[in-house]
There are 2 protein chains.
Amino acid sequence: MSENKKSSELRRSMPLLPIGTVMQLTELSARQIRYYEEHDLIQPHRSEGNRRMFSLNDVDTLLEIKDMLEQGINMAGIKKLFDMKKNAAVQSVQAEKEISDSELRRILREEMRNANRHQKSSLRQGDLSRFYQ
Amino acid sequence: MSENKKSSELRRSMPLLPIGTVMQLTELSARQIRYYEEHDLIQPHRSEGNRRMFSLNDVDTLLEIKDMLEQGINMAGIKKLFDMKKNAAVQSVQAEKEISDSELRRILREEMRNANRHQKSSLRQGDLSRFYQ
DNA sequence: CTTTAATGTTAGTTTTTCTAACATTGCATT
DNA sequence: AATGCAATGTTAGAAAAACTAACATTAAAG
């Protein structure tokens with residue numbers, strides 16, 4: 001994952017917006033937004049004075065919720081879908097990790113072949129096998 | 001200019017943030033932020049209820065102001081520097097425009113040459129000259 | 001026809017922001 | 001040293017925004 005993606009992820013998860021701004025951005029009522037929080041679909045931060053502060057990610061999530069509701073999906077369904085999405089995200093991270101592991105092994109094999117080509121038989125092929133499966 | 005740049009420009013100039021958030025992001029006092037507005041270095045929007053609403057661009061500008069002040073530059077200097085920057089930006093847009101004008105002329109010439117190659121002497125070269133200088 | 005999920009509405013309170021005025025601080029200039 | 005000014009602090013009182021909690025409405029589902 002690039003450094004850029006990490007820092008933009010940071011920015012997007014930064015609690016910046018009061019509920020009024022979020023209402024305008026999403027065209028949801030304060031009641032709706034608080035209700036979705038009550039059902040744990042979003043977890044806005046709180047200011048020192050207990051005011052909700054929302055991130056851009058929260059806004060995205062709220063727009064998704066709005067979309068799903070308009071499609072006739074109820075809260076329970078949305079909750080389930082979000083859970084699945086979270087799991088999928090975890091699995092995709094795991095997949096990414098596995099890919100980069102296999103990538104690492106491929107690179108090691110490649111390097112070993114090069115080593116063999118350049119200084120033939122200075123190292124027996126089996127000697128590196130314990131490093132890359 | 002890409003569509004992406006335009007839309008991110010839109011996002012960055014969107015008045016989203018209350019002064020409290022901006023105080024945290026910039027570590028400036030409300031007094032300072034209002035003072036800089038008073039001197040026309042930023043022009044935050046206002047909510048219906050007259051609360052200032054700041055954009056991410058405003059935050060950037062405030063951070064620049066803070067930097068310059070810490071470098072010992074006074075308000076007058078900062079104002080002048082910002083004016084220069086604005087002019088530079090305008091000139092760069094003009095330069096860009098001129099480049100694309102000359103580009104346009106280049107393309108027209110190129111097309112004319114092609115036309116000449118494919119249907120020789122159906123059009124005299126001078127006949128298009130009024131269209132591209 | 002009841003239930004219930006989602007949302008509206010209201011009241012009373014707390015937090016945030018506003019303006020305007022006066023106070024402080026630290027440099028320059030005389 | 002005294003003065004003036006730029007930048008910022010501080011305060012008071014008012015207005016707006018947001019909070020919780022409770023009760024009300026509505027539309028769909030059984």
Side-chain angles (χ1 to χ4, degrees), chain A residues 14-83, chain B residues 14-83:
Chain A
M14 214 166 201
L16 300 173
L17 313 176
I19 200 170
T21 299
V22 176
M23 290 171 64
Q24 288 188 260
L25 290 176
T26 61
E27 298 182 279
L28 292 169
S29 70
R31 182 66 166 95
Q32 288 175 299
I33 295 171
R34 295 191 192 111
Y35 185 71
Y36 305 152
E37 181 193 7
E38 202 174 314
H39 286 265
D40 219 41
L41 297 180
I42 49 173
Q43 298 86 30
H45 284 233
R46 294 293 181 124
S47 74
E48 280 196 22
N50 199 37
R51 266 90 255 267
R52 289 172 181 82
M53 298 302 287
F54 299 79
S55 69
L56 294 175
N57 277 335
D58 290 329
V59 173
D60 279 349
T61 302
L62 287 170
L63 289 172
E64 285 190 81
I65 294 171
K66 194 183 179 189
D67 231 59
M68 291 173 164
L69 284 170
E70 278 164 4
Q71 286 171 36
I73 305 170
N74 67 4
M75 300 292 288
I78 295 176
K79 221 177 291 191
K80 185 58 86 179
L81 283 170
F82 277 11
D83 282 354
Chain B
M14 214 166 201
L16 299 172
L17 313 175
I19 200 169
T21 299
V22 176
M23 289 171 66
Q24 287 188 261
L25 290 176
T26 61
E27 298 182 279
L28 292 169
S29 70
R31 183 68 166 93
Q32 287 176 300
I33 296 171
R34 296 193 192 111
Y35 184 71
Y36 305 152
E37 180 193 7
E38 201 174 314
H39 285 266
D40 218 42
L41 297 181
I42 50 172
Q43 297 88 29
H45 283 232
R46 293 294 181 123
S47 75
E48 281 197 21
N50 200 36
R51 266 91 254 267
R52 289 172 181 82
M53 298 302 287
F54 298 80
S55 70
L56 294 175
N57 277 336
D58 290 329
V59 174
D60 278 348
T61 302
L62 287 170
L63 289 172
E64 286 191 79
I65 294 170
K66 194 183 179 189
D67 230 60
M68 291 174 162
L69 284 170
E70 279 164 4
Q71 286 172 36
I73 305 171
N74 67 5
M75 300 291 287
I78 295 176
K79 219 176 292 191
K80 184 59 85 179
L81 283 169
F82 278 10
D83 282 353

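Naming: A, B, ... by sequence-line order, numbering from 1 per chain.
- At a threshold of 4.0 angstrom between heavy atoms, the contacts of A:Arg52 are confined to the sugar-phosphate backbone, with no base atom among them.
- Taking atom CD of residue B:Glu37 and atom C1' of nucleotide C:dT19, one finds them 12 Å apart after rounding to whole Å.
- Here the side chain of B:Arg46 is nearest to one of D:dA7, C:dA6, C:dT19, namely C:dT19.
- Take the nearest nucleotide of DNA chain D for B:Ile73 and for A:Gly20: the residue whose nucleotide is more 5' is B:Ile73.
- With C:dT7, C:dT16, D:dG9 as the candidates, the nucleotide lying closest to the side chain of B:Ser29 is D:dG9.
- Relative to the side chain of A:Arg31, the nucleotides C:dT9, C:dC18, C:dT17 differ in distance, and C:dT9 lies closest.
- Here the CD1 atom belonging to B:Ile42 is positioned 12.0 Å from the CD atom belonging to B:Glu64, to the nearest 0.5 angstrom.
- For B:Ser47, a side-chain nitrogen or oxygen approaches OP1 or OP2 of D:dA17 to under 4.0 Å.
- Atom CD of B:Glu38 and atom C1' of C:dA20 are 11 Å apart (whole Å).
- Distance from the side chain of B:Tyr35 is smallest for D:dA7 among the nucleotides C:dG8, C:dT17, D:dA7.
- Nucleotide D:dA18 holds its C1' atom 10 Å from the CZ atom of A:Phe54, rounded to whole Å.
- The CD-P distance, from B:Glu48 to D:dA18, rounds to 12 Å in whole Å.
- In this structure, A:Arg51 atom CZ and C:dT17 atom C1' are separated by 12 Å, rounded to whole Å.
- Where B:Asn50 and A:Gln32 each meet DNA chain C at their nearest nucleotide, the meeting point lying more 5' is that of A:Gln32.
- Counted by atom type alone, B:Asp58 and B:Ser55 present one or more donor-acceptor pairs between their side chains at under 3.5 Å.
- Of the options B:Ile65, B:Ile78, B:Thr61, a side chain to side chain contact (heavy atoms under 4.5 Å, CB included) to B:Tyr36 is made by B:Ile65 and by none of the others.
- Rounding to the nearest 0.5 Å places CE of A:Met53 at 3.5 Å from OG1 of B:Thr21.
- Here A:Tyr36 reaches the OP1 or OP2 of C:dT7: one of its side-chain N or O atoms lies under 4.0 Å away.
- The nearest whole Å value for the distance from the CZ atom in A:Arg34 to the C1' atom in C:dT9 is 12 Å.
- If you take CE of B:Met75 and P of C:dC27, they are 18 Å apart, rounded to a whole angstrom.
- Exactly one of B:Arg46, B:Glu48, B:Arg52 qualifies for a side chain to side chain donor-acceptor pair (under 3.5 Å) with B:Asn50. That residue is B:Arg46.
- The CE atom of A:Met53 sits 9 Å away from the P atom of D:dA18 (whole-angstrom rounding).
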